[in-house]
Visitor: 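Dumping the structure here so I can ask a few things about it.
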Amino acid sequence: MPILVNKYIIGRKFVGITLWPFIIIKDSRLKEDTSFVNHEEIHLVQQRELLVIPFYIWYTLEYIVRLIQYKNANEAYRNISFEREAYYNEDDLFYLKYRKAWSFIKYL
């Protein structure tokens, strides 16, 4: 998984983003943050299992639904199933070794 450093591609609120097949980060020091990298690697697996484009469509639609539900952009983002799975498991560095396909479903 290639990690690219680009402080201009990401908006002000984000320090990293996963765009298949890359993890793009603002600061090269984030490469050493194992929980952060694991979080982004979980997104790579999610994207792969949904064949990339459907992942982005689902992510966007779920964000819109959550935004209507919570009426708060940050709360909507944090409650997207893909993000919930990644945040919940980011500290478990072995998670991807035992993770079952489509595990994000249980975070809906």
Side-chain angles (χ1 to χ4, degrees):
M1 134 266 356
I3 298 179
L4 307 174
V5 179
N6 185 320
K7 62 182 177 181
Y8 302 108
I9 197 167
I10 305 166
R12 288 182 288 144
K13 293 182 180 182
F14 300 101
V15 294
I17 190 168
T18 302
L19 299 171
W20 179 263
F22 304 105
I23 295 173
I24 304 168
I25 57 176
K26 278 188 176 180
D27 187 328
S28 62
R29 292 174 290 186
L30 287 169
K31 289 181 184 180
E32 308 305 317
D33 184 339
T34 55
S35 292
F36 173 81
V37 171
N38 193 46
H39 177 106
E40 298 304 329
E41 287 176 340
I42 291 168
H43 288 318
L44 283 175
V45 172
Q46 293 166 338
Q47 290 173 14
R48 184 180 65 223
E49 70 191 4
L50 284 172
L51 305 176
V52 185
I53 300 300
F55 168 87
Y56 294 118
I57 294 168
W58 185 326
Y59 191 104
T60 302
L61 291 174
E62 189 173 344
Y63 175 75
I64 292 167
V65 168
R66 300 292 182 202
L67 192 55
I68 293 166
Q69 180 182 7
Y70 293 106
K71 296 172 182 50
N72 177 288
N74 186 52
E75 205 169 336
Y77 157 76
R78 294 290 291 214
N79 281 286
I80 296 169
S81 58
F82 302 112
E83 294 299 340
R84 291 180 67 199
E85 179 187 15
Y87 278 114
Y88 187 81
N89 296 290
E90 67 187 7
D91 293 325
D92 181 353
L93 302 183
F94 298 101
Y95 177 67
L96 289 175
K97 294 194 184 309
Y98 64 82
R99 178 189 183 270
K100 291 183 170 64
W102 294 71
S103 287
F104 65 89
I105 295 289
K106 64 184 169 189
Y107 295 91
L108 281 171

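Position 1 is the first residue of the sequence, and the numbers go up from there. Below, all heavy atoms of this structure are taken into account, side chains as well, without hydrogens, waters or symmetry copies.
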Visitor: Does any N or O in the side chain of N72 come within less than 3.5 Å of the main-chain N or O of E75, such that one atom is a donor and the other an acceptor?
Guide: yes
Visitor: Which value, rounded to the nearest 0.5 Å, describes the distance between Y87 atom OH and I42 atom CD1?
Guide: 11.0 Å
Visitor: Please tell me whether H43 and Q46 have a donor and an acceptor in their side chains that are separated by less than 3.5 angstrom.
Guide: yes
Visitor: Verify whether the ring centers belonging to F82 and F55 lie closer than 6.0 Å.
Guide: yes
Visitor: Between K26 (side chain only) and Y8 (backbone N and O only), is there a donor and an acceptor less than 3.5 Å apart?
Guide: no
Visitor: What distance do L108 atom CG and E62 atom CD have between them, rounded to the nearest 0.5 Å?
Guide: 5.5 Å
Visitor: Using 0.5 Å steps for rounding, measure from the CD1 atom of I23 to the CG atom of L44.
Guide: 4.5 Å
Visitor: Could you check if a side-chain atom of R48 sits within less than 4.5 angstrom of a side-chain atom of V52, using non-hydrogen atoms only?
Guide: no
Visitor: Honestly curious: do L19 and V37 fall in one hydrophobic cluster under the side-chain, below-4.5 Å linking rule?
Guide: yes
Visitor: Ring centroids only, cut at 6.0 angstrom: are W20 and F22 within range, meaning strictly under it?
Guide: no
Visitor: How long is the gap from CG on L96 to OG on S103, to the nearest 0.5 Å?
Guide: 9.5 Å
Visitor: E49 side chain to W102 main-chain N or O, any donor-acceptor pair under 3.5 Å?
Guide: yes
Visitor: How about F94: does its CZ atom have over 12 heavy atoms from other parts shown lying under 6.0 Å from it?
Guide: no
Visitor: Hey, mind stepping through Y56 and W58 against ring pair (Phe, Tyr, Trp, His ring centres under 6.0 Å) and telling me if it holds?
Guide: CA-CA 5 Å; Y56 294 118; W58 185 326; over 10 Å; no
Visitor: Look at the side-chain heavy atoms of Ile, Leu, Val, Met, Phe, Trp and Tyr, link any pair under 4.5 Å apart, and say whether V65 and F104 land in one connected group.
Guide: no
Visitor: Membership question, hydrophobic clusters at under 4.5 Å side-chain separation (ILVMFWY): are F14 and F36 in the same one?
Guide: yes
Visitor: Please say yes or no: joined through hydrophobic side-chain contacts below 4.5 Å, possibly via intermediate residues, are Y88 and Y63 part of one cluster?
Guide: no
Visitor: For the CG atom of D27 and the NZ atom of K7, what is their distance to the nearest 0.5 Å?
Guide: 9.5 Å
Visitor: Between V45 and I25, is there shared hydrophobic-cluster membership here, with clusters defined by ILVMFWY side-chain heavy atoms closer than 4.5 Å?
Guide: no
Visitor: Are the side chain of N38 and the backbone of D92 linked by a donor-acceptor contact shorter than 3.5 Å?
Guide: yes
Visitor: Which heavy atom of P2 sits nearest a heavy atom of P21, and at what distance?
Guide: CD-O, 3.3 Å
Visitor: Rounded to the nearest 0.5 Å, what separation is found between the CG atom of N89 and the CG atom of L93?
Guide: 11.0 Å
Visitor: State plainly whether the residues E85 and R99 are in salt-bridge range, i.e. N to O under 4.0 Å.
Guide: yes
Visitor: Taking NZ, NE, NH1 and NH2 as the nitrogens, is one of them in R66 or E83 under 4.0 Å from a carboxylate oxygen of the other?
Guide: no
Visitor: Compute whether any side-chain donor of one residue and acceptor of the other, for T18 and Q47, lie under 3.5 angstrom apart.
Guide: no
